[in-house]
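Following: one structure in structure tokens, then a few remarks.
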Amino acid sequence: MEPPDALAGARGASRLLLLTLLLGARPGAEAEVHVSVPPLVEVMRGEPVTLDCTPTGAHDHYVLEWFLMDRSGARHLLASAELQGSELQGTVHDGRARSPPYQLDSQGRLVLAEAQIGDERDYVCVVKAGAAGTAEATARLRVFAKPEPTEVEPNKGTLSVMEDSAQKIATCLSQNGNPAPQITWYRNGQRLEVPMEVNSDGYMVSRTTREASGLQSLTSILYLRLHKADRDASFHCAAHYSQPRGRHGRLDSPTFLLTLHYLDPLELSVGEELSLPLGGSVGVNCSVQGRPTPALRWTKNSAPLGDGPTLSLSSVTFDSAGTYVCEASMSTVPLLSHTGSFKLLVQGSPELRAEETQPKAEGSWQEGDEVKLTCSARGYPEPRLSWSRLGGSPAEPVPGGQGWVSSSLTLKVTSALSVEGVFCEASNPHGNTQHVFHFGAVAPQTAQAGVAVMAVAVSVGLLLLVVGAFYCMRRKGRPGCCRRREKEAPPPGDPELSHSGSERPEQTGLLTGGASGGARGGSGSFGDEVGEGLGTPRRRSPLGSDVALVGTS
């Protein structure tokens with residue numbers, strides 16, 4: 001005995017089969033209509049396209065219509081066909097100015113002779129089969145276009161590796177493709193992974209443009225922070241485009257090199273200081289790496305000495321001493337340059353330079369004139385300056401004097417100075433050098449000589465007055481002695497008047513008698529005594545004896 005569920009299932013299947021047979025046996029009964037179309041059709045631009053629409057089931061009569069759906073969703077009838085008997089009669093209703101126009105083949109398929117970008121739409125096939133109903137299906141057409149050869153426009157300027165930010169490298173252009181291509185960048189064949197966000201190391205800026213033809217163009221600009229290793233790097237870009245059935249194509253641009261403007265630090269063949277003996281010679285080399293090849297120029301105190309990597313110094317003098325600079329520069333990048341320098345020291349016995357005693361010439365000096373003498377010297381090691389007289393100033397560098405040091409001495413000119421002269425001396429471990437200043441004959445100053453004579457005369461006069469006053473005071477009780485000489489002038493022609501104060505010993509009373517002799521003076525007058533004292537004649541007394549000018553009483 002079978003289970004109840006199995007019996008119920010068998011009865012249901014039997015009823016369904018019977019119903020099917022009955023419906024099939026009814027005269028005029030039709031099956032429901034269905035439509036089969038390819039959901040996605042992909043072609044390359046210019047290729048022919050056939051959109052198939054096939055109703056399913058056996059129908060003696062139906063109408064087939066093709067509609068174009070625009071981007072807003074509206075439908076536009078393109079063509080229709082009606083099945084009558086065994087033939088399908090078709091008509092194109094709206095060509096929409098397409099060239100070549102739409103076509104229907106004998107099986108009701110929509111034909112596009114050459115696919116265009118504007119054909120990339122949704123196409124709807126509708127089948128109306130009367131009592132069997134209406135059915136529709138949509139086919140999406142995609143039209144691919146291979147872009148034109150990829151173009152690249154490198155930065156033709158000179159780029160510097162000294163920049164600490166990204167610089168524009170090149171612009172890549174892929175035109176007239178569909179869909180829009182993708183652009184990638186390569187350095188030495190390796191893909192560069194650069195973001196779209198701006199940063200200091202590198203980034204990419206892209207822009208898509210839809211052309212009037214409906215095709216799309218893509219522009220990509222690459223920015224990179226460059227390094228010296230990029231001087232020989234090869235760059236290029238590639239456009240990646242899509243093709244039907246999931247395939248892809250790639251169009252590479254030509255490769256290009258960048259013009260970098262890097263400049264390495266300078267290298268000199270000598271150190272920071274170079275010492276040479278006076279009269280020596282040397283060649284100094286300056287080398288640098290850069291692109292493009294930098295220009296080298298030598299200067300000293302901003303004065304040009306020559307171009308090129310080598311500086312030749314021969315028979316150097318003290319004027320050759322100083323700082324020499326090698327400068328590397330590039331005309332294409334004015335602000336990019338490097339310099340290197342060295343200091344030349346010239347060793348030798350000092351060179352001496354003196355400022356003569358102008359404006360007065362030799363022989364025109366007078367006693368007491370003030371003069372400033374200056375000596376300057378140079379050499380290496382730096383010379384020491386000294387003077388033959390005290391008072392010289394410490395040696396100091398002469399401003400802008402090419403290694404000169406200077407010392408001054410201020411003094412008054414004297415007769416002794418004119419005979420001896422004044423000299424300065426410059427000395428260092430290599431030797432010494434002297435210079436002697438001469439003044440010639442030095443004349444006494446006129447005004448000062450007159451004053452000296454007057455002073456001597458006044459001094460002598462004062463001395464005589466003092467002596468006279470002292471003598472009068474010694475003659476006590478005889479106040480008139482000092483006036484007697486004026487009243488008793490000796491008569492002319494006196495035979496007793498002696499012409500020599502040395503004829504008698506008594507004449508020496510004033511000179512040899514001392515103060516005591518003066519105190520014991522006799523009866524002679526003051527005038528006689530003064531004359532005695534001064535070697536004047538003696539007068540004979542009435543007693544016949546000579547009276548000394550200053551004698552004993």
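What's counted below: heavy atoms across the whole structure, side chains too, no hydrogens, waters or symmetry copies. In this chain, residues are counted from 1 in sequence order. Computed from a predicted structure; not experimentally measured.
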Between [Y] and [X], do the side chains contain a donor N or O and an acceptor N or O under 3.5 Å apart?
X	Y	answer
T410	E370	no
Q216	T208	no
T310	N285	yes

In Å, rounded to the nearest 0.5 Å, how long is the span from [atom1] of [X] to [atom2] of [Y]?
X	Y	atom1	atom2	result
K228	L260	NZ	CG	11.0 Å
L159	R231	CG	CZ	15.0 Å
S217	E151	OG	CD	10.0 Å
R389	L417	CZ	CG	5.0 Å
H430	Y380	NE2	OH	9.0 Å
R250	Q182	CZ	CD	14.0 Å

Return the set of residues passing ring pair (Phe, Tyr, Trp, His ring centres under 6.0 Å) with F235 (not counting sequence neighbours), or none when no residue passes. F256
Non-neighbouring partners of H338 that pass ring pair (Phe, Tyr, Trp, His ring centres under 6.0 Å), sequence neighbours left out: none
Test salt bridge (Lys or Arg N to Asp or Glu O under 4.0 Å) applied to [X] - qualifying residues, sequence neighbours left out:
X	answer
R187	D230
E273	none
R210	none

Check [X] against [Y] and note the closest heavy-atom contact, atom names and distance.
X	Y	value
R225	S200	CB-O, 3.3 Å
F439	W365	O-CD1, 3.3 Å
P195	N199	CG-ND2, 3.4 Å

Just by modelled atom types, is the E148 backbone N or O under 3.5 Å from a matching donor or acceptor in the N176 side chain? no
Is there a side-chain contact between V282 and V316 in this structure, where contact means two heavy atoms from C-beta onward sitting under 4.5 Å apart? no
Can you run down the ring-ring contact (aromatic ring centres under 6.0 Å, His included) pairs that involve residues 299-337, sequence neighbours left out, and say none if there aren't any? Y324-F342
